[in-house]
Amino acid sequence: MSARPILPSPQAGDLLSWYDRHRRRLPWRAPPGEAADPYRVWLSEIMLQQTTVATVGPYFERFITRWPSVEALAAAPLEDVLAAWAGLGYYARARNLHACARVVAGTHGGRFPDTEVGLRALPGVGPYTAAAIAAIAFGRPAAAVDGNVERVITRLHGIDTPLPEAKAQIRARTLDLVPEDRPGDFAQALMDLGASLCSPKRPACALCPWRDCCVANARGDAETLPRRAAKPERPTRRGAAFWAERGNGTVLIHRRPPKGLLGGMDGLWLTPLSADIDPAEARAHAPFPARWNRIAGEVDHLFTHFRLRLTVFAATDVTAFAPTGSRWVSKAELAEVGFPTVMRKAAQHALRALHGPGAEALAAFRRRRPTRT
DNA sequence: TACACGTGGTC
DNA sequence: TGACCAAGTGT
């Protein structure tokens, strides 16, 4: 062990002063000094789980415009909420969001619980989100530890223990720092610091309000923290998707079962997904007998835990009835149907093959790009 | 504890 | 192209 210089202790006030000068202006944040709206804080926190600020922005605006209150959201049909969520990913969040809105509107009189423990009991609200809402919306001195905070705190204290083992230590160290006043600003300041200066790669330590008390900065190894356990490799699964059109131009849409992968979402009819599937044999899993033509090429999509390679089959002038859970939808209505991204890719693949790159229906599957901030 | 669960941007 | 990672939760 080499001797290290003794560093001063980090002070919340130094971070808060930095935050007062550099805070990000985000649609869900209250102006300085004003009280935050718990509904907006909650909605944004759920959307921001594992999702970037730039991606969330347009979704947040659409949700707030369409459902301005938790009561309005609770009154909406689940399928409308899922369709509005389409493209954001982790669809269990949308199902839990809806369930949570119904609990808050139904049994809490439309008011969110104002403590960490109370919030933690809501569907879709885990330890991070409960702490974030408690601090930001209700001024509770809670430690909201997300990926940003894990990075800031492991660097600040030079924690070499890999994640997730280090989580308890990080949480304790964070709680030590939370100030009695402005705990909500402190939580957001920590996240802003992690999102800007204390970035995963090439952190801007020279500009950091905590540069003089940061162990990793003193050592010069900030970029190597936090350490993480090695990730398991991602297997490849295969399957087939079926695109069917009737003579009147309607297409077959299938609603997936309520739980599991893409639960409750609309999309193309899929075979079961497995490690290896014979494309010829895939026809046996078609929604109904028809002249299924295999479209050249494959659709490649990366999920968190596996890679999916989809073969797409198409049939036109179909006369079959829609199976249970499926329905025929006009191409005009397709724009209203929310497809997860992998389904969007499969639909585009079929439409381009059948009708060329200028196919009008392709517009329904063009990604709604977030505007860069 | 470990794994299921989406997507897009960046390097 | 691939690896990483982003305001995590539920089981």
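In this text the structure is predicted, and so the values were computed from the model without any measurement.
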> OP1 or OP2 of C/dA6 sitting under 4.0 Å from any side-chain N/O of A/Y90?
Replying inline: no

> Phosphate oxygens OP1/OP2 of C/dA6: is one of them under 4.0 Å from a side-chain N or O of A/R151?
Replying inline: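 Answer is yes, contact under 4.0 Å.
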
Regarding [X], tell me which of base, sugar-phosphate or nothing describes its non-hydrogen contacts under 4.0 Å with the strands shown.
X	value
A/V342	sugar-phosphate
A/L26	base
A/S44	nothing
A/P232	nothing

>> Let's test your reading of the model: under 3.5 Å, does the base of B/dG8 pair with the side chain of A/T51 as donor and acceptor?
In response: no

> Less than 3.5 Å between a donor and an acceptor, one on the side chain of A/T304 and one on the base of B/dG6, is that the case here?
Replying inline: yes

>> Between C1' on C/dT9 and CG on A/L97, what's the gap in Å once rounded to a whole number?
In response: 13 Å

>> Under 3.5 Å, is there a donor on one side chain and an acceptor on the other for A/T51 and A/R93?
In response: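 Indeed, the side chains of A/T51 and A/R93 share at least one donor-acceptor pair under 3.5 Å.
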
>> Tell me whether A/D37 is salt-bridged to A/R40, with the criterion being a basic N under 4.0 Å from an acidic carboxylate O.
In response: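 No salt bridge links A/D37 with A/R40.
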
> So, are A/D317 and A/R291 salt-bridged, with charged N and O less than 4.0 Å apart?
Replying inline: no

>> Check whether A/Q348 reaches the backbone of A/F365 with its side chain - one donor and one acceptor, N or O, closer than 3.5 Å.
In response: yes

>> Which label fits A/W42 and A/Y39: parallel for a plane angle under 30°, tilted from 30 to 60°, or perpendicular past 60°?
In response: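 Answer is tilted, since the angle falls between 30° and 60°.
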
> Considering only the C1' atoms, how many Å lie between C/dC4 and B/dG6, rounded to the nearest integer?
Replying inline: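 Per the computed distance, 15 Å lies between those C1' atoms.
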
>> Taking B/dC5 as the reference, what is the distance to C/dC5 when you measure between their P atoms (whole Å, please)?
In response: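 Taking atom P in both C/dC5 and B/dC5, they lie 22 Å apart.
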
> Which sits closer to the 5' end of DNA chain B, A/K201 or A/A92, going by the nucleotide each is nearest to?
Replying inline: A/A92

>> Under 4.0 Å, heavy atom to any atom of DNA chain B: which of residues 252-269 of chain A qualify?
In response: A/G260, A/L261, A/L262

>> For a stem of at least 3 consecutive Watson-Crick or G-U pairs with distances under 3.5 Å, i pairing with j, i+1 with j-1 and so on, which stems involve DNA chain C?
In response: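 If one scans DNA chain C for consecutive Watson-Crick or G-U pairs, the stems found are B:2-5 with C:8-11, B:7-11 with C:2-6.
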
For nucleotides 1-3 of chain C, list the nitrogen or oxygen atoms of the protein found under 3.5 Å from its nitrogen or oxygen atoms, one pair per line.
unit_1	atom_1	unit_2	atom_2	d
C/dG2	OP2	A/R307	NH2	3.2

>> Any non-hydrogen side-chain atom of A/D185 less than 4.5 Å from a side-chain atom of A/Q188?
In response: yes

